[in-house]
**Q** 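I have a structure here, written as structure tokens, and I will follow up with some questions on it.
Throughout, residue positions are numbered sequentially from 1 according to the sequence presented. No experiment lies behind these values; they were computed from the predicted model shown.
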Amino acid sequence: MSWNQCLDEIRDVGYEWIELGPYGYLPTDVGQLRTELEKRSLRVSATFAMGPLDSQEYWPTLKSEVIGACESLSAVGAGHLIVIDGTYSDLFTGEMLRSPTLDDSGWARMIDTTHRIARIASERYGLRAVFHPHVETHVEYEDQIERFLDDTDPDLIGLCLDTGHHAYRGGDPVEFVRANFDRIEYFHLKSVDADVREKVEREHIPFARAVELDVFCEPTQGVVDFVALASVLLDRGFSGHATVEQDMYPAPLGKPLPAATRTYRFLRELGLGS
């Protein structure tokens, strides 16, 4: 859909914060972007930078992307940069582009690059970097996330936990939050359809095709226990941002709004949101 329709629908549902999303989707002129956000009383929480963090050759390109993202975020008063490793496969075909695991030297390069990005965000732009474990990257399973947390400096980098990606890879987001609450500073909230996930695993269906099959679903229909998650967040006094997502591509233009509305109401009933 057009960005105008997207922003209008986000406002109409009742959401007050957005992420900038892929560069070029929303207006890139900062003045126009500010005007369009202010018209709808929307504020920006974050955007992302994504690329192969272990690749020394890719670093100049990634650094340029990071700086561009940080400049956009700073211009609209956002507070977070989300860092994501590049995928090791073609998400549409499933073709392997790189090894799905890193050796110790590759892992060390990934950690070093993450710290470099976090320093750029913090020292130059006053932004807090948070790392997003993502399906088909080198940090996707619980043991990999825990290793990442052990190897990174909490003063430099926090965690953005995507409950849908975590559940997609068989993790329990609620238990993970309980165990790692102090490192989680940002959330992406979505759920996973258990039957579709089982089909995806059994038939080795590529990630983008899984999205097309609606592997990500509304919170009331999936495996993530949002009632328990809300209880943990409220009991522990979480006050950070949580972006509500439901990956759907391709999708009819009329599909997102009803789903977003139901999700908004459900999460507010659980006490989430200000």
Side-chain angles (χ1 to χ4, degrees), residues 1-50 65-84 121-122 125-130 132 134 158-165 184-191 216 218-219 226 229-230 233-234 238-249 251-274:
M1 64 177 66
S2 69
W3 62 264
N4 309 74
Q5 180 180 347
C6 178
L7 292 182
D8 286 345
E9 292 187 0
I10 290 171
R11 172 204 59 199
D12 292 346
V13 172
Y15 294 107
E16 299 176 8
W17 295 82
I18 66 166
E19 293 181 11
L20 291 180
Y23 184 78
Y25 178 64
L26 295 178
T28 55
D29 178 82
V30 173
Q32 181 187 8
L33 179 60
R34 283 202 199 102
T35 298
E36 296 297 338
L37 294 172
E38 289 170 1
K39 280 167 50 177
R40 299 167 174 87
S41 299
L42 293 173
R43 291 174 286 176
V44 175
S45 59
T47 194
F48 68 92
M50 184 174 184
E65 180 182 340
V66 166
I67 290 172
C70 287
E71 289 178 348
S72 296
L73 292 171
S74 179
V76 294
H80 289 88
L81 173 70
I82 299 170
V83 182
I84 309 176
S122 174
Y125 300 96
L127 298 168
R128 176 67 171 172
V130 288
H132 180 320
H134 192 288
L159 189 70
C160 169
L161 183 67
D162 186 307
T163 58
H165 282 253
I184 302 172
E185 303 177 21
Y186 200 109
F187 283 88
H188 282 176
L189 300 178
K190 58 175 173 282
S191 198
F216 294 116
E218 295 180 37
F226 275 91
L229 178 62
L233 296 181
L234 294 171
F238 180 77
S239 59
H241 284 100
T243 296
V244 180
E245 298 183 329
Q246 185 181 336
D247 301 21
M248 51 177 75
Y249 177 83
L253 292 182
K255 183 178 179 180
L257 180 58
T261 301
R262 289 188 293 267
T263 297
Y264 175 86
R265 291 172 179 169
F266 173 67
L267 295 177
R268 291 305 298 266
E269 287 171 1
L270 297 180
L272 300 179
S274 58

**Q** Kindly indicate whether the side chain of Arg11, heavy atoms from C-beta on, has any atom under 4.5 Å from the side chain of Ser41.
**A** no
**Q** Rounded to the nearest 0.5 Å, what's the gap from CG on Leu127 to OG1 on Thr47? Could you check?
**A** 11.0 Å
**Q** In the structure I gave you, are the side-chain heavy atoms of Leu26 and Leu7 within less than 4.5 Å of one another anywhere?
**A** yes
**Q** Of Asp247, Val244, Ile82, Leu161, which meets side chain to side chain contact (heavy atoms under 4.5 Å, CB included) against His188?
**A** Ile82
**Q** If we only count heavy atoms from C-beta on, is the Phe48 to Cys160 side-chain gap below 4.5 Å?
**A** no
**Q** Side chains of residues 255-262: which donor-acceptor partners sit under 3.5 Å, not counting sequence neighbours?
**A**
from   : atom 1 : to     : atom 2 : distance (Å)
Lys255 : NZ     : Asp214 : OD1    : 3.0
Lys255 : NZ     : Asp214 : OD2    : 3.4
Thr261 : OG1    : Leu257 : O      : 2.8
Arg262 : NE     : Glu218 : OE1    : 3.0
Arg262 : NE     : Glu218 : OE2    : 3.3
Arg262 : NH2    : Glu218 : OE2    : 2.7

**Q** Would you name the heavy atoms of Leu81 and Cys70 that are closest together and state the gap between them?
**A** CD2-SG, 3.9 Å
**Q** Show the nearest heavy-atom pair for residues Tyr186 and Ser45, with the distance to one decimal.
**A** OH-OG, 2.7 Å
**Q** How long is the straight-line distance from CG of Leu42 back to CZ of Arg34, given to the nearest 0.5 Å?
**A** 15.5 Å
**Q** Kindly indicate, with the supporting measurements, whether the criterion side-chain hydrogen bond (donor to acceptor under 3.5 Å, both in side chains) is fulfilled by Ser72 and Tyr23.
**A** CA-CA 10 Å; Ser72 296; Tyr23 184 78; 5.7 Å; no
**Q** With the side chain counted from C-beta on, respond yes when Leu73 and Tyr125 share a heavy-atom pair under 4.5 Å apart, and no when they do not.
**A** no
**Q** Return the set of residues passing ring pair (Phe, Tyr, Trp, His ring centres under 6.0 Å) with Phe266 (not counting sequence neighbours), or none when no residue passes.
**A** none
**Q** For residues 35-47, which residue pairs pass the salt bridge (charged side-chain N to carboxylate O under 4.0 Å, His left out) check, not counting sequence neighbours?
**A** Asp8-Arg40, Glu16-Arg43, Glu36-Lys39, Glu36-Arg40
**Q** Could you please spell out the steps behind the ring-ring contact (aromatic ring centres under 6.0 Å, His included) verdict for His165 and Phe216?
**A** CA-CA 9 Å; His165 282 253; Phe216 294 116; 5.7 Å; yes
**Q** Quick one: closest heavy-atom pair of Ala78 and Ala46, and the distance?
**A** CB-N, 4.2 Å
**Q** Side-chain contact test, heavy atoms from C-beta onward, threshold under 4.5 Å: evaluate it for Ile18 versus Val44 and give yes or no.
**A** yes
**Q** Write down the atom of Gly271, the atom of Leu234, and the distance for their closest heavy-atom approach.
**A** O-CD2, 3.7 Å
**Q** Mind checking whether Lys190 and Asp162 have side chains closer than 4.5 Å, heavy atoms only?
**A** yes
**Q** With rounding to the nearest 0.5 angstrom, report the CZ to CG distance, Phe226 to Leu233.
**A** 10.0 Å
**Q** What residues, two or more places apart in sequence or in another chain, satisfy ring pair (Phe, Tyr, Trp, His ring centres under 6.0 Å) together with Tyr15?
**A** Tyr264
**Q** For the atom pair CZ (Arg128) and CD (Glu185), what is the distance rounded to the nearest 0.5 Å?
**A** 4.0 Å
**Q** Please examine the side chains of Thr263 and Leu189, heavy atoms only from C-beta on, and report whether any two atoms are closer than 4.5 Å.
**A** no
**Q** Could you work out, with ring pair (Phe, Tyr, Trp, His ring centres under 6.0 Å) as the rule, every residue matching Phe187, not counting sequence neighbours?
**A** Phe238
**Q** Can you pull out every salt bridge (charged side-chain N to carboxylate O under 4.0 Å, His left out) where at least one residue sits in residues 265-274? Sequence neighbours excluded, please.
**A** none
